[in-house]
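In what follows, a single structure is set out as structure tokens and then discussed.
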Amino acid sequence: GEYYKRGGLAGILTKSGCVYRCAHCVEPDAKGGAVARRDVAAVVDEMQSLAAQGILDQHTTDSEFNLSIQHAKNVLREIVRRRHASAANPLNNLRLWVYCQPSPFDEEFADLLAAAGCRGVNVGSDHIREDVLSGWKVTGKGKTYYTFEDTERLVRLCRDRDIKTMVEALFAMPGETWETMRDCVDAF
């Protein structure tokens, strides 16, 4: 009641765990290094139940919604399917908010977000400089998980679909300097 009336959001978990090993993140230790996906219908049933109670602003609480991208797309497809199935479905008024990494994020995903009623994407970009990101966001193959170009593309795709974005910066990690922070702020 009161929490939601004052601007709160309902949390929706579509999966748990994360295969990434970012130096600053506790998710893989807290939730596991493998991804446990929830049943798509069960996730959307929960969202629909909340919407029927008037809780229309719902935010994913996954480590990042777009990791395990096919599962995320399937959740969105189910929301869209139900929205199209009935004009009276409470999901028709859903205002979805999601956490995402800059990659993977393609046009199909952006289209599905828009069709599902997504209002905003919180982008865990963290930084713009690969030399900084490589110190704490690197795969086993020595590549960073994403580049600043991925962030720029995500923001463009969202802007073209009227989805708001908030790009996060993370400062003071190993290798950070006043210059690298300034570069990040200027680019953002």
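One-based numbering along the sequence shown. The figures that follow rest on heavy atoms only: side chains count, while hydrogens, waters and symmetry mates do not.
Partners of S49 under the side chain to side chain donor-acceptor pair (under 3.5 Å) rule, at least two apart in sequence or in another chain, are Q53. Residues satisfying the side chain to side chain donor-acceptor pair (under 3.5 Å) criterion with S68, sequence neighbours excluded, are R37. In this structure N74 satisfies the side chain to side chain donor-acceptor pair (under 3.5 Å) test together with R77, sequence neighbours excluded. Residues passing the side chain to side chain contact (heavy atoms under 4.5 Å, CB included) test with N92, sequence neighbours excluded: R83, N89. Here S103 pairs with Y146, D150 under the side chain to side chain contact (heavy atoms under 4.5 Å, CB included) rule; sequence neighbours left out. Qualifying side chain to side chain contact (heavy atoms under 4.5 Å, CB included) partners for L170, counting only residues two or more places apart in sequence or in other chains: H24, D126, W136, M173. For E64, there are no side chain to side chain donor-acceptor pair (under 3.5 Å) partners two or more places apart in sequence or in a different chain. By the salt bridge (charged side-chain N to carboxylate O under 4.0 Å, His left out) test, R129 pairs with D131, E179, D183, sequence neighbours left out.
The CG atom of L76 sits 14.0 Å away from the CZ atom of R81 when rounded to the nearest 0.5 Å. Taking CG of L96 as the start and CG of L9 as the end, the distance is 10.0 Å to the nearest 0.5 Å. Atom-to-atom distance recorded for T177:OG1 and R182:CZ is 8.0 Å, nearest 0.5 angstrom.
Residues V155 and I69 share a hydrophobic cluster, clusters being chains of Ile/Leu/Val/Met/Phe/Trp/Tyr side chains in contact below 4.5 Å.
L94 places a side-chain heavy atom less than 4.5 Å from the side chain of I79. Two residues are said to be in side-chain contact when any heavy atoms from C-beta on lie closer than 4.5 Å; E107 and L157 meet this criterion. Residues T60 and W97 fail the side-chain proximity criterion, which asks for heavy atoms closer than 4.5 Å. Counting heavy atoms from C-beta on, the side chains of T180 and H127 come closer than 4.5 Å. Annotation: side chain of C100 is in contact with side chain of F109 (closest heavy-atom distance under 4.5 Å). Looking at heavy atoms from C-beta onward, S125 lies in side-chain contact with F188 at the 4.5 angstrom threshold. You'll find the side chain of N66 reaches within 4.5 Å of the side chain of P104, heavy atoms only.
V80 shares a hydrophobic cluster with no other residue; no ILVMFWY side chain has heavy atoms under 4.5 Å from its own. Its side chain within the 4.5 Å cluster rule, W178 clusters with F171, M181, V185 among the Ile, Leu, Val, Met, Phe, Trp and Tyr residues.
A donor-acceptor pair under 3.5 Å links the side-chain atoms of H71 to the main chain of R38, judged by distance alone. In this structure, the side chain of K15 does not engage the main chain of S63 through any donor-acceptor pair within 3.5 Å. In this structure a side-chain-to-backbone donor-acceptor pair under 3.5 Å is present from Q58 to M47. In this structure, the side chain of N122 does not engage the main chain of V98 through any donor-acceptor pair within 3.5 Å.
Between L154 and Q101, the closest heavy-atom pair is CD1-O, 3.7 Å. Summarising the geometry of I163 relative to C118, their closest heavy-atom pair is CG1-O, 3.7 Å, with the distance given to 0.1 Å. In terms of heavy atoms, G11 sits closest to E46 at O-OE2, 4.2 Å. The minimum heavy-atom distance between P90 and A52, with the atom names listed, is CB-N, 3.6 Å. Nearest heavy atom pair, residue I128 against residue C184, reads CG1-CA, 3.6 Å.
Screening residues 39-59 for ring pair (Phe, Tyr, Trp, His ring centres under 6.0 Å) gives H59-Y99 as the qualifying pairs, with residues at least two apart or on separate chains. Identified under the side-chain hydrogen bond (donor to acceptor under 3.5 Å, both in side chains) test for residues 155-165, with sequence neighbours left out: D111-R161.
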* To do: Begin with the C-alpha distance, continue with both residues' side-chain angles, and end with the deciding distance and a verdict on salt bridge (Lys or Arg N to Asp or Glu O under 4.0 Å) for D106 and K73.
  => CA-CA 11 Å; D106 57 20; K73 287 179 178 181; 2.9 Å; yes
* To do: Might you work through the side-chain contact (heavy atoms from CB on, under 4.5 Å) test for L113 and F65, ending with a clear yes or no?
  => CA-CA 11 Å; L113 284 169; F65 181 58; 4.2 Å; yes
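V44 pairs with exactly one of T14, V75, D39, I12 by the side-chain contact (heavy atoms from CB on, under 4.5 Å) rule, that one being V75.
Side-chain N/O atoms of Q48 and R82 include a donor and acceptor closer than 3.5 Å.
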